[in-house]
Amino acid sequence: MSSDKAFYLTTPIYYVNDAPHIGHAYTTTAGDVLTRWHRQRGERVWFLTGVDEHGQKVMRTAEANGVAPQEWADRLVETAWLPVLETIDAANDDFIRTTSDRHTERVQRFLQSLKDKGEIYEGKYDGPYCVACEEFKLPGDLLDGEGDYAGQKVCPIHGRPVEQVSETNWFFRLSAYAEKLLAHYDANPLAVQPQSAYNEVTSFLRGGLQDLSISRSSFDWGIPVPWDPSQVVYVWFDALLNYATAVGLGDEPGTPGAEQFAATWPADVHLVGKDILRFHAVIWPAMLMAAELPLPKQVFAHGWLLVGGEKMSKTKLTGIAPSQIIDTFGSDAFRYYFLRSITFGSDGSFSWEDMSARYTAELANGLGNLASRGAAMVGKYFDGVLPAPGEYAEAELSLQRHLSGTVDVADEAMLRLDFQSATGAVKSYVDAVNLYVTEQAPWALAKDPANGERLATVLYTICESLRAIAVLHHAVMPKATALIWEQLGAEPALGPIGVQSVLDAGRWGQLPAGATITKGAILFPRLEEPAS
Ligand code: MSP
């Protein structure tokens with residue numbers, strides 16, 4: 001591995017059968033926050049997201065809408081999947097489409113190389129298939145249908161009947177990899193996280209694996225199998241490869257693709273929802289083993305956003321579009337809320353009441369109020385010029401210690417993808433600074449000119465704390481923290497907010513005395529009371 005290998009993080013590529021809901025935005029948001037954090041640790045980062053365009057699910061949706069699948073996919077990408085990245089403020093480095101030439105050519109080359117190695121053979125598939133999962137199922141995976149589906153076998157995830165597939169296909173020798181994967185996971189316990197996901201994967205592997213059909217012959221919306229154009233590549237085999245095709249998989253040595261691959265692969269984190277864990281922690285690493293390529297360092301499976309106790313989904317008409325929330329709360333609050341309120345790795349329920357309560361308490365009254373009070377008081381008492389602090393008392397020294405602890409906790413939590421603890425640590429620091437403001441009561445100090453030095457120390461402490469808070473919260477709330485940076489007049493001395501080191505955020509005294517402090521826009525406007 002070259003020493004300047006990027007921290008490489010991927011999201012799943014999303015099916016373009018429909019527009020994104022907040023369940024999809026949740027994964028991308030988490031990826032965006034983590035990659036921003038790693039950038040602010042001074043690392044080179046590569047953040048990939050994209051869309052999964054092939055398969056029966058997309059093909060049938062296009063048919064139902066009376067358009068060709070490519071036209072449907074183009075439309076959804078342009079009108080929904082690219083715009084949602086703006087809506088949630090994601091700073092991805094690349095966006096892969098599985099219908100792009102760079103992807104299809106590399107997939108074909110990869111497949112041919114596995115065929116040449118004897119990893120692929122022709123066989124007959126007879127069994128159930130769930131189009132919503134795009135997955136070959138084992139009879140034991142299925143549930144008995146109820147109501148409209150009584151007497152039929154249904155998919156446990158989608159609750160809808162499976163289809164019977166009987167085709168001559170090309171098979172990948174997946175069964176040969178169960179033991180090797182178990183040995184890999186035994187030696188690398190962090191390769192699948194959280195622990196519940198690790199346990200699920202290893203216990204599944206202990207049951208052994210069957211070979212996998214990796215092509216389909218009954219429809220043509222997919223990448224043609226290079227040696228047998230009557231078949232298209234199975235959509236998951238095609239889709240999983242995106243993580244490697246997007247960074248130059250299999251390109252000739254000396255080409256830009258090969259260089260990018262060397263500087264990026266293997267992925268550090270594949271973020272996935274728990275429903276697609278096995279594809280990523282069983283099939284994908286087996287494909288890589290077969291090709292003798294390095295395995296991703298970690299697959300992290302997060303939980304589902306639930307509505308009424310069930311996975312939010314468009315098929316069940318429970319999908320909420322990100323803009324429905326962001327139009328009211330803004331993208332920062334959206335990002336903050338989902339990472340702060342749900343343990344990453346567990347399911348979580350969304351409710352407007354909970355979102356409003358946290359917004360008001362932690363953002364409007366917490367961080368927003370601190371920022372506006374700090375700026376207003378420097379304006380009022382020092383004409384907007386940050387005073388130099390005098391001697392620090394125990395109250396300030398204690399805040400400084402608290403800050404350096406916060407940096408350690410937040411960084412350690414972020415590296416474990418524990419967004420809740422990371423944001424919680426910064427939030428506790430905000431609370432401590434708000435308490436400090438109340439206790440020191442600068443407005444009371446200002447009444448007596450003899451307290452001038454003490455007042456300067458308190459206001460400097462508030463602004464320097466805001467400097468650190470802006471740096472530590474930037475990955476989660478890029479817009480509000482950029483506004484704080486502006487209010488603090490920090491850029492001339494310290495540079496742009498996006499390049500501030502999180503690891504160095506606790507070093508006290510970075511904001512220079514003399515900085516121009518302005519009272520800017522309100523960061524988190526109060527919510528209007530619903531009309532009664
Ligand atoms: N196309 C495949 C992934 C291929 S990756 C090589 C796919 N697409 S998907 O659009 O159905 O789902 C993409 C991701 O969104 C999955 O990680 C899934 O878990 C996540 N979510 C979909 N609904 C969700 C919730 N209600 N809550 C949280 N995440 C959810 O699967």
Side-chain angles (χ1 to χ4, degrees), residues 9-31 48-59 61 73 76-77 80-81 84 88 95-99 103 107 130-135 155 157-160 197 214 221-223 233-246 249 267 269-285 287-288 296 299-322 325 338-339 341-350 419:
L9 181 135
T10 68
T11 73
I13 49 171
Y14 304 98
Y15 287 125
V16 291
N17 63 317
D18 215 333
H21 59 61
I22 59 175
H24 307 115
Y26 178 57
T27 322
T28 309
T29 299
L48 174 72
T49 186
V51 284
D52 191 353
E53 302 175 90
H54 293 129
Q56 276 169 298
K57 177 146 95 169
V58 172
M59 187 184 76
T61 310
L76 264 280
V77 168
W81 290 95
V84 78
I88 65 172
F95 184 89
I96 179 108
R97 297 185 56 170
T98 55
T99 55
H103 177 73
V107 167
C130 171
V131 174
C133 295
E134 294 283 14
E135 184 176 15
C155 162
I157 295 175
H158 295 91
R160 289 190 302 183
I214 54 149
W221 180 233
I223 301 176
V233 178
Y234 168 45
V235 62
W236 268 101
F237 204 85
D238 155 357
L240 287 163
L241 278 164
N242 91 86
Y243 303 128
T245 62
L249 172 73
V269 182
H270 289 312
L271 281 187
V272 300
K274 64 182 186 181
D275 48 325
I276 57 171
L277 172 63
R278 284 189 201 170
F279 294 101
H280 286 82
V282 175
I283 298 176
W284 177 226
M287 289 163 64
L288 291 164
V299 175
F300 196 108
H302 65 68
W304 286 338
L305 299 192
L306 306 176
V307 172
E310 283 196 51
K311 180 181 178 221
M312 175 181 298
S313 85
K314 275 282 162 87
T315 33
K316 292 184 180 153
L317 301 177
T318 52
I320 300 172
I325 296 176
F338 284 104
L339 296 185
S341 65
I342 301 169
T343 306
F344 203 63
S346 305
D347 292 346
S349 295
F350 169 77
F419 299 105

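Counting starts at 1 for both ligands and their atoms, following the listed order. Please read all numbers here as calculations on a predicted model, not as lab measurements. Numbers here simply count residues along the sequence, with the first being 1.
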Worksheet item: For His103 and Thr98, does a side-chain donor sit closer than 3.5 Å to a side-chain acceptor?
Response: no
Worksheet item: Going by the atom numbers of ligand 1, which of them fall below 4.0 Å from some non-hydrogen atom of Ala239?
Response: 6 (C)
Worksheet item: Would a line drawn from the ring center of His270 to the ring center of Phe300 be shorter than 6.0 Å?
Response: no
Worksheet item: When rounded to the nearest 0.5 angstrom, what is the spacing between CG in Asn242 and CD in Glu53?
Response: 11.0 Å
Discussion item. Salt bridge check, Asp275 against Lys311: does any charged N sit closer than 4.0 Å to a carboxylate O?
Written reply: yes
Item to complete: Kindly confirm or rule out an N or O of Met312 lying under 3.5 angstrom from an N or O of ligand 1.
Response: yes
Item to complete: State whether Arg97 and Asp52 are salt-bridged, where the test is any N-O pair (Lys NZ or Arg NE/NH1/NH2 against Asp/Glu carboxylate O) under 4.0 Å.
Response: no
Practice prompt. Using a strict cut-off of 4.0 Å, indicate which atoms of ligand 1 neighbour a heavy atom of Tyr14.
Written response: 10 (O), 13 (C), 14 (C), 15 (O)
Worksheet entry | Donor-acceptor under 3.5 Å (His24 side chain, His21 main chain) | yes
Worksheet item: Starting from atom 12 (O) of ligand 1, which protein heavy atom do you reach first, and at what distance in Å?
Response: His24 CD2, 4.1 Å
Practice prompt. Report yes if Asp275 has an N/O atom closer than 3.5 Å to an N/O atom of ligand 1; otherwise report no.
Written response: yes
Fill in: Inter-residue atom distance Phe279.CZ - Cys133.SG, 0.5 Å rounding
6.5 Å
Discussion item. Would Leu305 count as being in polar contact with ligand 1, using the rule that some N or O on each side must be under 3.5 angstrom apart?
Written reply: yes
Worksheet item: Is it the side chain (CB and beyond), the backbone, both or neither of His302 that lies under 4.0 Å from ligand 1, heavy atoms counted?
Response: side chain
Worksheet item: If only atom types and distance count, is the side chain of Trp81 paired as donor or acceptor with the main-chain N or O of Asp18 below 3.5 Å?
Response: yes
Worksheet item: By number and element, which atoms of ligand 1 are closer than 4.0 Å to a non-hydrogen atom of Gly303?
Response: 28 (C)
Worksheet item: Among the heavy atoms of Cys133, does any lie under 4.0 Å from an atom of ligand 1?
Response: no
Discussion item. Looking at Glu134, is its backbone amide N or carbonyl O close enough to the side chain of Tyr234 to form a donor-acceptor pair, meaning the two atoms are under 3.5 Å apart?
Written reply: yes
Practice prompt. Before signing off on this row, confirm whether Pro12 and ligand 1 have an N or O atom pair separated by under 3.5 Å.
Written response: no
Worksheet item: Does an N or O from Trp304, backbone or side chain, lie closer than 3.5 Å to an N or O of ligand 1?
Response: no
Worksheet entry | Check: Ile13 N/O within less than 3.5 Å of ligand 1 N/O | yes
Fill in: Which of the ligand 1 atoms, numbered from 1, are nearer than 4.0 Å to a heavy atom of Asp52
1 (N), 2 (C), 4 (C)
Discussion item. Below the 3.5 angstrom mark, is there an N/O of Trp236, backbone or side chain, next to an N/O of ligand 1?
Written reply: no
Worksheet item: Could you state the interatomic distance from CG (Leu271) to OG1 (Thr27), rounded to the nearest 0.5 Å?
Response: 7.0 Å
Item to complete: Specify the protein heavy atom at minimum distance from atom 31 (O) of ligand 1: its residue, its atom name, and the distance to 0.1 Å.
Response: Ile276 CG2, 3.6 Å
Worksheet item: Is the Phe237 to His54 ring centre distance short of 6.0 Å?
Response: no
Item to complete: May I ask whether Tyr243 has any heavy atom positioned less than 4.0 angstrom from an atom of ligand 1?
Response: yes
Worksheet entry | Reported CH2-to-CD1 distance for the pair Trp284 and Ile276, which is rounded to 0.5 angstrom | 13.0 Å
Practice prompt. Check each atom of ligand 1 against the heavy atoms of His280 and keep those under 4.0 Å away; list them by number with element.
Written response: 5 (S), 6 (C)
Worksheet item: Of the protein's non-hydrogen atoms, which lies at the shortest distance from atom 7 (C) of ligand 1, and what is that distance?
Response: Tyr15 CE1, 3.3 Å
Worksheet item: Which atoms of ligand 1 sit under 4.0 Å from any heavy atom of Gly273?
Response: 17 (O), 19 (O)
